[in-house]
Each structure stands twice: as C-alpha cells, then as structure tokens.
Amino acid sequence: GENTDPQRIAFLLRKQWTLYSVTPLYRFSNAHLRNYSRLLSAFIAAERQKGWAVEVGVELDIKVAVSSLPDLKGSDQDHAAILVEVRTSQKTSEEKLIWSGWFCSVCGDDFFENMPEDFTCLPLFLTNGAESYTAIVGSWFQKTFDCCFHRLAISPLNLSWMAAMWTGCKVDKTASAMELIFSVPGLLQPLDISYAIHPEDAKALWDTVQKTPGEITQEEVDIFMDCLYSHFHRHFKIRLSAAKLVKVSTAIASAHCDGIIKVSLGPEIGVLAVVWTGRLLCPLAETQA
C-alpha cells in the first residue's frame, strides 16, 4: 500500500501469535471502530467485575483500541485487517499493552464471490496475550457479530509449504539455520528429531526446484521435502517421511502445528510472510467455519 506505516505493522514482529479461524462477521462496519472500542472496554470491565482474573488490590483501568490496518491484506478485494489492543493503566504508571489480536483477510479474490452483503469476511484471527482475554474478546465478537471462533491447527503439509516459501525469500548471509522438527509416532517415550539446514544450502536447493519465481506448486514442495529427507537418510539412516513434521523455523518466521506462528524479520517481509501464511490457511479456516 502507498500508506504503509512500518510502525503500525511492527507490532507483528517477534511476538508469538495463536491462530483461530473465524466465520464471517454480521453487520461489522469500519465506520464504527471507535464505538466498538468503547463497547468492548465496557464489556471487559464488566467481566472483570464478575471476578475472573482480577489482580488483587490493583485498580486497573482497561482501555481497548480497535483500529484498521489497511496495509495488511492479500488483494484489493480483501478487507483491511482489524487490530484489537487491550491496555491497562494505573494512576501511577503509563499504559501497558497486555493483549493484542487481529483479524485478517488475505485470501485473494475467489474467496469472496459468494459472500452476502451484510457479512464481512476476516477468516483468520491471531492473538498474543493471556487466554482469559482471548476468551472474553472472542465472546464479545461472537455476541456482537454472530461469528464463531475455532483454534486452527497447521498440518504437516502446510508446514512444508511454509518451509519452502520462507526458504525462497532472500535473507542476508548471517541468517539463522532453517530448522525442521519432527515427532516420531508410536513410541513409548515421545521423540523429536531436529534437522537444521544452512539457509544458503536450503535456498540453493529450492532455487533448483522452483520453476517460476514467485509461484509455488505442490509438486515443487514435495520435491524440495523429498530432497531434504533423502539427504537426511543418507547421513543418519532415518526416514523422516515416516515421522510427523511439527515445527518449521527459518530466519523469516516460524510455525508450529498447534497453530502458533512467529514472524521475525522486518515489516515488509514480515507482512509478506503473514499474507502467504494466511493464503495457505484461509481454505482451512473456511472448511472449519
């Protein structure tokens, strides 16, 4: 976007985000964000009064800000991302951000063809902060916009796509290794295998596999992973294809099968990582919705 504000998007970085899928929001409007901020603040305050998660002896004011992030979308059809931030302030100290979450739509144009007019499609919801706040913010959105949330897991197939996507991005010479973590099923004691690959080697391999720069196919991802597996088998006589890929981590981002992602690199590439990841997960979010 022309009005990209790196500061506004820096909040994405170096935080761990938990993924949820969300059904379309009914009668949500960008024109009413300030009103939503006020209503959600009041809702959280009322819930705290009921006695959940109250810090003993501390009088905290809760402030909620609901804002729009126009830069965070996958295509022109997509709705701008919506950021929700919960801050506490005490008389004596400045405001402290205690929870953040954002709704995003990075699904591309085909996703919206059949969307009825009154519905806003923001199928991915990412949260950082205490689960008690996630629950309460989620319950306000459910009541207000008639939507449902589900925790979103990331399949080994999607993790291997992420490994390929992030490997294909240019990073500097000092970038950290790409690490794949596998869990070996059917054992009495859980066993994880960690496989670290030098980023330049991983990139060189991907460059030989990828036919069209900027595009990725399932076949290319399969070949890329098979090459990594056979290299590992040559050295360690272990067949990784029999284990389950549970985590991918690269200089750009990391993702865990439990639906947790973390973006490490600067705003531009960070936004790209999120957009791509969202594109992978949107169909998943849609099937869970």
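We're numbering straight along the sequence, starting at 1.
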If you take all heavy atoms of Ala164 and Trp206, which pair is closest and at what distance? CB-CZ3, 3.7 Å
Around Gln218, counting heavy atoms of other residues, nucleotides and ligands shown, do more than 12 lie under 6.0 Å from its CD? yes
Determine whether more than 12 heavy atoms belonging to other residues, nucleotides or ligands lie under 6.0 Å from atom NE2 of His233. yes
Hey, does Phe28 have a side-chain heavy atom less than 4.5 Å from the side chain of Ile82? yes
Using 0.5 Å steps for rounding, measure from the OG1 atom of Thr167 to the CD atom of Glu200. 12.5 Å
Of all heavy-atom pairs between Ser160 and Met225, which one has the smallest distance, and what is that distance? CB-CG, 3.6 Å
Check: Thr18 main-chain N/O paired with Arg151 side-chain donor or acceptor under 3.5 Å: no
Take Thr144 and Leu40 through the test side-chain contact (heavy atoms from CB on, under 4.5 Å) and record every step on the way to the result. CA-CA 10 Å; Thr144 311; Leu40 182 50; over 6 Å; no
Hey, quick one: are Trp161 and Leu228 part of the same hydrophobic cluster, counting side-chain heavy atoms closer than 4.5 Å, chains of contacts allowed? yes
Would Met178 and Tyr229 show up in the same hydrophobic cluster when neighbours are defined by side-chain heavy atoms closer than 4.5 Å? yes
Taking Gln210 for the side chain and Glu215 for the main chain, is one N or O donor matched with an acceptor at less than 3.5 Å? yes
Do Thr134 and Trp99 have a side chain donor and acceptor closer than 3.5 Å? yes
With side-chain contact (heavy atoms from CB on, under 4.5 Å) as the criterion, how do Val84 and Tyr36 come out once you've worked through the C-alpha distance, each side chain's angles and the decisive distance to 0.1 Å? CA-CA 10 Å; Val84 181; Tyr36 299 156; over 6 Å; no
Is the shortest heavy-atom distance from the side chain of Leu39 to the side chain of Trp140 under 4.5 Å? yes
Mutual orientation of the aromatic rings belonging to Phe119 and Tyr26 [parallel < 30°, tilted 30-60°, perpendicular > 60°]: tilted
Lys15 side chain reached by Ser100 side chain, heavy atoms, under 4.5 Å: yes
Sub-3.5 Å donor-acceptor pair from the side chain of Glu85 to the main-chain atoms of Leu97, do we have one? no
Output for pair (Lys63 NZ, Thr88 OG1), nearest 0.5 Å, gives 10.5 Å
What's the shortest heavy-atom distance between Val64 and Ser41, and which atoms? N-OG, 3.1 Å
Specify the closest pair of heavy atoms between Ala255 and Trp166, including all atoms of both residues, with the distance to one decimal. CB-CH2, 3.9 Å
Distance col, row Phe224:CZ vs Met165:CE, nearest 0.5 angstrom, shows 11.5 Å
Between Ile260 and Phe103, is there shared hydrophobic-cluster membership here, with clusters defined by ILVMFWY side-chain heavy atoms closer than 4.5 Å? no
Atom CD of Glu131: over 12 foreign heavy atoms under 6.0 Å: no
Nearest 0.5 Å please: distance from the NE2 atom of His150 over to the OG1 atom of Thr23. 7.0 Å
Below 3.5 Å, can you tabulate the donor-acceptor pairs from side chains in residues 238-249 to any protein atom, sequence neighbours excluded?
none

With Val22 as reference, evaluate Phe125, Phe141, Phe145 under the side-chain contact (heavy atoms from CB on, under 4.5 Å) test and give the passing residue. Phe125
Arg27 and Asp146: CA distance, side-chain angles, deciding distance, side-chain contact (heavy atoms from CB on, under 4.5 Å) verdict: CA-CA 9 Å; Arg27 297 210 161 149; Asp146 198 20; over 6 Å; no
Please check: side-chain N/O of Arg14 versus main-chain N/O of Ser264, any donor-acceptor pairing under 3.5 Å? yes
Student check: side-chain heavy atoms of Ile197 and Leu180 closer than 4.5 Å: yes
Can you name the nearest heavy-atom pair linking Ala81 to Cys104, along with the distance? CB-CB, 4.0 Å
From Ser89 atom OG to Lys96 atom NZ, the distance as rounded to the nearest 0.5 Å: 11.5 Å
Not counting sequence neighbours, list each pair that qualifies as a side-chain hydrogen bond (donor to acceptor under 3.5 Å, both in side chains) and has a residue in residues 187-197. Glu179-Ser194
Is there side-chain contact between Pro199 and Ser176, with at least one heavy-atom pair below 4.5 Å? no
Quick check: closest heavy atoms across His79 and Thr120, and the distance to 0.1 Å? CD2-CG2, 3.3 Å
Check the surroundings of atom NZ in Lys203: do more than 12 heavy atoms from other residues, nucleotides or ligands lie under 6.0 Å from it? yes
Donor-acceptor contact present, side-chain Ser21 to main-chain Leu152, <3.5 Å: no
So His231 and His235, would you call those rings parallel, tilted or perpendicular, with 30° and 60° as cut-offs? tilted
side-chain contact (heavy atoms from CB on, under 4.5 Å) for Ile154 and Met162? Distances and angles first, verdict last. CA-CA 10 Å; Ile154 306 176; Met162 289 172 191; 3.8 Å; yes
Rounded to the nearest 0.5 Å, what separates atom CD1 in Ile44 from atom CD1 in Ile136? 6.0 Å
Let me check something: do Ile181 and Leu159 share a hydrophobic cluster, defined by ILVMFWY side-chain heavy atoms less than 4.5 Å apart, either directly or through other members? no
